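So the structure is just underneath, and the comments pick up after that.
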Amino acid sequence: MAVVKNLGKGKEEIEITLEDQKQINTFARRNARMEELKEEIETKKKDLQNLEDASDELLMVEDSLISYKVGEVFLQMNQEEIEEHLETAKTKIKDEIQSCEEQLTEIQGVLAALKAKLYGKFGDSINLEADEE
């Protein structure tokens, strides 16, 4: 979130134009989206790890029919069918992770440009860093 400090006595106030406010708002929206993408990437990586673990466990199973959960329902499938489903799901999640990472890189570039512009104009009068909690 962007904050412009009150500079007090002896220091001149910096005027915030409509364009400046739009840039600050854009920065805030993009920063929020970046945080959402980071969380989404972490969730997808956990899902991918779970699928890989399931694939590993499947190698140790010798039954002809295995229960495979799809949504809320368990289906009886043979080992080959389940392997195909797992591989398809892993490929889909890997593609989604790559897409999220590309979006994240793009947003980070926009944020860096906006930071440079806003810090160039406002200096120490603006805080664009996330609060550490």
Side-chain angles (χ1 to χ4, degrees):
M1 182 174 192
V3 177
V4 178
K5 297 178 186 175
N6 185 353
L7 299 176
K9 296 180 182 178
K11 296 185 180 181
E12 57 184 74
E13 300 257 339
I14 300 172
E15 181 181 336
I16 300 175
T17 64
L18 178 60
E19 185 62 31
D20 296 334
Q21 189 61 52
K22 285 181 181 178
Q23 289 176 350
I24 292 168
N25 292 344
T26 299
F27 183 90
R29 282 191 307 274
R30 295 286 176 111
N31 194 51
R33 178 65 180 139
M34 181 179 70
E35 294 304 318
E36 290 170 2
L37 282 171
K38 285 179 181 179
E39 289 176 19
E40 188 175 337
I41 289 170
E42 286 305 311
T43 300
K44 289 184 183 301
K45 284 183 178 179
K46 287 178 185 173
D47 292 345
L48 180 60
Q49 184 60 48
N50 289 340
L51 289 172
E52 288 173 352
D53 291 345
S55 292
D56 293 343
E57 291 291 325
L58 192 59
L59 296 174
M60 293 186 258
V61 175
E62 295 179 14
D63 294 338
S64 59
L65 286 178
I66 303 166
S67 294
Y68 182 76
K69 186 176 180 184
V70 179
E72 301 276 328
V73 179
F74 284 94
L75 303 175
Q76 294 290 319
M77 303 171 88
N78 66 37
Q79 190 169 354
E80 287 180 16
E81 291 174 320
I82 292 176
E83 286 173 357
E84 289 175 23
H85 281 278
L86 289 174
E87 288 305 313
T88 302
K90 286 194 289 187
T91 302
K92 180 181 176 191
I93 288 180
K94 285 177 184 177
D95 291 343
E96 290 171 355
I97 289 171
Q98 182 179 358
S99 173
C100 288
E101 287 174 342
E102 288 170 0
Q103 289 177 44
L104 185 62
T105 301
E106 178 185 325
I107 288 172
Q108 288 171 333
V110 170
L111 290 178
L114 285 171
K115 260 187 184 182
K117 246 185 205 180
L118 292 169
Y119 277 130
K121 179 168 183 178
F122 297 107
D124 292 337
S125 300
I126 191 167
N127 179 13
L128 299 173
E129 302 302 321
D131 291 335
E132 296 298 323
E133 295 180 20

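Quick caveat: nothing in here was measured; it's all calculated off a predicted structure. We're numbering straight along the sequence, starting at 1.
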Exercise. Is the shortest heavy-atom distance from the side chain of Asp20 to the side chain of Phe122 under 4.5 Å?
Worked result: yes
Problem set entry | Atom pair CE/CZ of Met34 and Phe27 - distance to nearest 0.5 Å | 7.0 Å
Problem set entry | Donor-acceptor pair, side chain of Tyr119 and main chain of Ser125, under 3.5 angstrom | no
For this session: Take Leu37 and Ile107 through the side chain to side chain contact (heavy atoms under 4.5 Å, CB included) test and state the conclusion after the steps.
Result: CA-CA 10 Å; Leu37 282 171; Ile107 288 172; 3.7 Å; yes
Exercise. Is the closest side-chain heavy-atom distance between Leu75 and Val73 below 4.5 Å?
Worked result: yes
Exercise. Do you know the tightest heavy-atom contact between Glu81 and Asn78?
Worked result: N-OD1, 2.9 Å
Problem set entry | Close side-chain approach of Gln23 to Glu19, heavy-atom, < 4.5 Å | yes
Seminar exercise, completed: d(Ile93 CD1, Lys46 NZ) to nearest 0.5 Å is 13.5 Å
Exercise. Side chains of Thr88 and Lys92: closer than 4.5 Å at any heavy-atom pair?
Worked result: no
Exercise. Do Glu35 and Asn31 get their side chains close enough for a donor-acceptor pair, meaning under 3.5 Å?
Worked result: no
For this session: Applying side chain to side chain contact (heavy atoms under 4.5 Å, CB included) between Lys45 and each of Ile41, Asp47, Thr43, report the one that passes.
Result: Ile41
For this session: Using only heavy-atom distances, determine whether the side chains of Ser55 and Glu83 contain a donor-acceptor pair under 3.5 Å.
Result: no
Exercise. Under the 3.5 angstrom rule, does the side chain of Glu102 hit a backbone N or O of Ser99 as a donor-acceptor pair?
Worked result: no
Exercise. With a 4.5 Å heavy-atom cut-off, do Leu104 and Lys38 have their side chains touching?
Worked result: yes
Problem set entry | Student check: side-chain heavy atoms of Gln103 and Arg33 closer than 4.5 Å | yes
Exercise. Does one side chain, of Arg30 or Gln108, offer a donor that lies under 3.5 Å from an acceptor on the other?
Worked result: no
For this session: To the nearest 0.5 Å, tell me how far Leu86 CG sits from Leu51 CG.
Result: 6.0 Å
Exercise. Are the side chains of Ile24 and Ile126 in touch, meaning some heavy atoms are under 4.5 Å apart?
Worked result: yes
Exercise. Do Asp95 and Lys44 have side chains that get closer than 4.5 Å, going by heavy atoms?
Worked result: no
Problem set entry | Worked check of side chain to side chain contact (heavy atoms under 4.5 Å, CB included) between Ile66 and Met77 | CA-CA 5 Å; Ile66 303 166; Met77 303 171 88; over 6 Å; no
Exercise. From Leu58 CG over to Gln79 CD, what is the distance, rounded to the nearest 0.5 angstrom?
Worked result: 4.5 Å
For this session: Calculate, to the nearest 0.5 Å, the distance between atoms SG and CD belonging to Cys100 and Glu42 respectively.
Result: 11.0 Å
